[in-house]
Amino acid sequence: VIPNGVDTSKFQPRRQRSNSIFRIVIVSTLRRINGIIEALKTCVYLSRITKKPFECVFIGKGNINRYANISTLLKAGEYVRFLGAKYNVEDYLRDADASLCLKRPAAAGISHALLEAMASGLPVIAWNNRTYKQVIHNGENGFLVNSLKEAALILKELLENESLKKRIGIKARETSLNYDWSIVAEKFE
């Protein structure tokens, strides 16, 4: 089995943002098992604890209408956008502030979405399980959470604390360099 890697030259941290709204990006196929509903609920919790503007952007193939309807039922529609499948995710990650990786199964391998977000210099909030613990050291290069409310509290902290966001993003980028395809290929070979 070839482990997942990332093209760190393609996924780079942003230099300047085109938008002042705090943007949370979720890159995943729109399937329940991938934590889409959990991400929506996290955004609902965040809306209850902050007055600052933010948006949650979902990028991935799948039934957008189904999750847009769930978003409406959860009263999350005003700050959630579904963009569908995109082949230039690096552009969207470069224009984001944080990423949620709430795929539940602990037995799953390290996801491309996680590595790509980290390579883009984003703080990642993920479940506190053995899969994510392989890459994320809580509070150093990302955040590991045990509940959706905890995820929302961390997002609020990142929204309000630019220096924390930058510090975690720099460490995330540094970690991602260990997963560059050139290193993964060499280890595999």
Side-chain angles (χ1 to χ4, degrees), residues 4-8 10-14 17-19 21-31 34-46 50 54-62 67 76 79-86 88-104 108-129 131-145 148 150-162 164-177 179:
N4 281 341
V6 63
D7 181 351
T8 57
K10 181 177 177 183
F11 292 88
Q12 295 276 333
R14 71 169 177 264
R17 288 242 8 250
S18 63
N19 193 337
I21 294 176
F22 188 86
R23 184 170 293 140
I24 303 153
V25 174
I26 300 95
V27 179
S28 180
T29 299
L30 299 178
R31 293 177 52 207
N34 289 341
I36 304 305
I37 293 173
E38 288 82 355
L40 286 169
K41 287 180 178 179
T42 299
C43 293
V44 170
Y45 291 137
L46 179 61
T50 188
F54 73 92
E55 68 178 351
C56 291
V57 178
F58 290 80
I59 300 169
K61 63 184 178 180
Y67 289 99
Y79 42 82
V80 170
R81 291 190 309 141
F82 294 93
L83 301 183
K86 299 290 179 189
N88 57 334
V89 255
E90 64 275 10
D91 294 337
Y92 294 94
L93 290 170
R94 201 171 286 124
D95 201 33
D97 293 287
S99 182
L100 287 172
C101 292
L102 298 175
K103 186 176 183 174
R104 266 289 186 194
I110 298 168
S111 72
H112 283 108
L114 170 71
L115 297 175
E116 290 169 353
M118 292 178 80
S120 300
L122 296 180
V124 175
I125 296 117
W127 288 121
N128 185 10
N129 65 36
T131 299
Y132 293 117
K133 283 181 180 179
Q134 293 175 60
V135 180
I136 296 176
H137 302 285
N138 193 34
E140 292 178 29
N141 64 350
F143 298 95
L144 298 169
V145 297
L148 301 179
E150 186 181 359
L153 286 169
I154 290 169
L155 285 169
K156 180 181 187 281
E157 180 71 20
L158 292 169
L159 200 156
E160 295 172 354
N161 188 336
E162 183 71 24
L164 174 66
K165 184 178 77 167
K166 283 182 180 177
R167 181 176 56 82
I168 298 295
I170 288 167
K171 289 292 188 182
R173 171 71 182 170
E174 289 172 3
T175 300
S176 76
L177 297 174
Y179 294 88

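All residue numbers refer to positions in the sequence shown, counting from 1.
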**Q** For Lys166, I'd like to know if atom NZ has over 12 heavy atoms of other residues, nucleotides or ligands within 6.0 Å.
**A** no
**Q** Looking at Glu140 and Ile168, what are the two nearest heavy atoms and their distance?
**A** O-CD1, 3.4 Å
**Q** For Phe54, give me all partners under ring pair (Phe, Tyr, Trp, His ring centres under 6.0 Å), at least two apart in sequence or on another chain.
**A** Tyr79
**Q** Which value, rounded to the nearest 0.5 Å, describes the distance between Leu155 atom CG and Ile24 atom CD1?
**A** 4.5 Å
**Q** Does this structure show an ion pair linking Glu174 with Lys171, if we count only N-O contacts that are shorter than 4.0 Å?
**A** yes
**Q** Work out which heavy atom in Lys156 is nearest to a heavy atom in Leu46; give both atom names and the distance.
**A** N-CD1, 3.7 Å
**Q** If you take all heavy atoms of Leu114 and Tyr132, which pair is closest and at what distance?
**A** CD2-CD2, 3.8 Å
**Q** What are the two closest heavy atoms between Phe143 and Asn138, and how far apart are they?
**A** CA-OD1, 3.3 Å
**Q** Between Arg23 (side chain only) and Asp95 (backbone N and O only), is there a donor and an acceptor less than 3.5 Å apart?
**A** yes
**Q** Measuring from atom CD1 of Ile59 to atom CG of Leu83, what distance do you get when rounded to the nearest 0.5 angstrom?
**A** 5.5 Å
**Q** How close do Asn34 and Ser28 get, heavy atom to heavy atom, and via which atoms?
**A** CB-OG, 3.0 Å
**Q** Quick one, Tyr67 with Val80, criterion side-chain contact (heavy atoms from CB on, under 4.5 Å). Give me CA distance, side-chain angles, the key distance, then yes/no.
**A** CA-CA 10 Å; Tyr67 289 99; Val80 170; over 6 Å; no
**Q** With rounding to the nearest 0.5 angstrom, report the CZ to CG distance, Arg94 to Leu122.
**A** 10.5 Å
**Q** With side-chain contact (heavy atoms from CB on, under 4.5 Å) as the criterion, how do Arg31 and Ile36 come out once you've worked through the C-alpha distance, each side chain's angles and the decisive distance to 0.1 Å?
**A** CA-CA 7 Å; Arg31 293 177 52 207; Ile36 304 305; 5.7 Å; no
**Q** Which is it for Thr42 and Ile125 under the side-chain contact (heavy atoms from CB on, under 4.5 Å) test, yes or no, and what are the steps along the way?
**A** CA-CA 11 Å; Thr42 299; Ile125 296 117; over 6 Å; no
**Q** Who pairs with Phe82 by ring pair (Phe, Tyr, Trp, His ring centres under 6.0 Å), at least two apart in sequence or on another chain?
**A** Phe58
**Q** Are the side chain of Asn141 and the backbone of Val135 linked by a donor-acceptor contact shorter than 3.5 Å?
**A** yes
**Q** Which value, rounded to the nearest 0.5 Å, describes the distance between Asp97 atom CG and Leu159 atom CG?
**A** 7.5 Å
**Q** Could you walk me through whether Ser176 and Leu115 satisfy the side-chain contact (heavy atoms from CB on, under 4.5 Å) test, starting with their C-alpha distance in whole Å, then the side-chain angles of each, then the deciding distance to 0.1 Å, before giving a yes or no?
**A** CA-CA 6 Å; Ser176 76; Leu115 297 175; 5.6 Å; no
**Q** Distance-only, no hydrogens or angles: does the Asn161 side chain make a donor-acceptor pair with backbone N or O of Glu157 under 3.5 Å?
**A** no
**Q** So, taking the atom named CD1 in Ile26 and the one named OG in Ser99, what distance separates them when rounded to the nearest 0.5 Å?
**A** 7.0 Å
**Q** Which pair of non-hydrogen atoms, one from Ala117 and one from Leu93, has the smallest distance, and what is that distance?
**A** N-CD1, 4.1 Å
**Q** Looking at OG1 of Thr175 and CE of Met118, how far apart are the two atoms once the value is rounded to the nearest 0.5 Å?
**A** 4.5 Å
**Q** Just to verify, what does Tyr179 make a ring pair (Phe, Tyr, Trp, His ring centres under 6.0 Å) with, not counting sequence neighbours?
**A** none
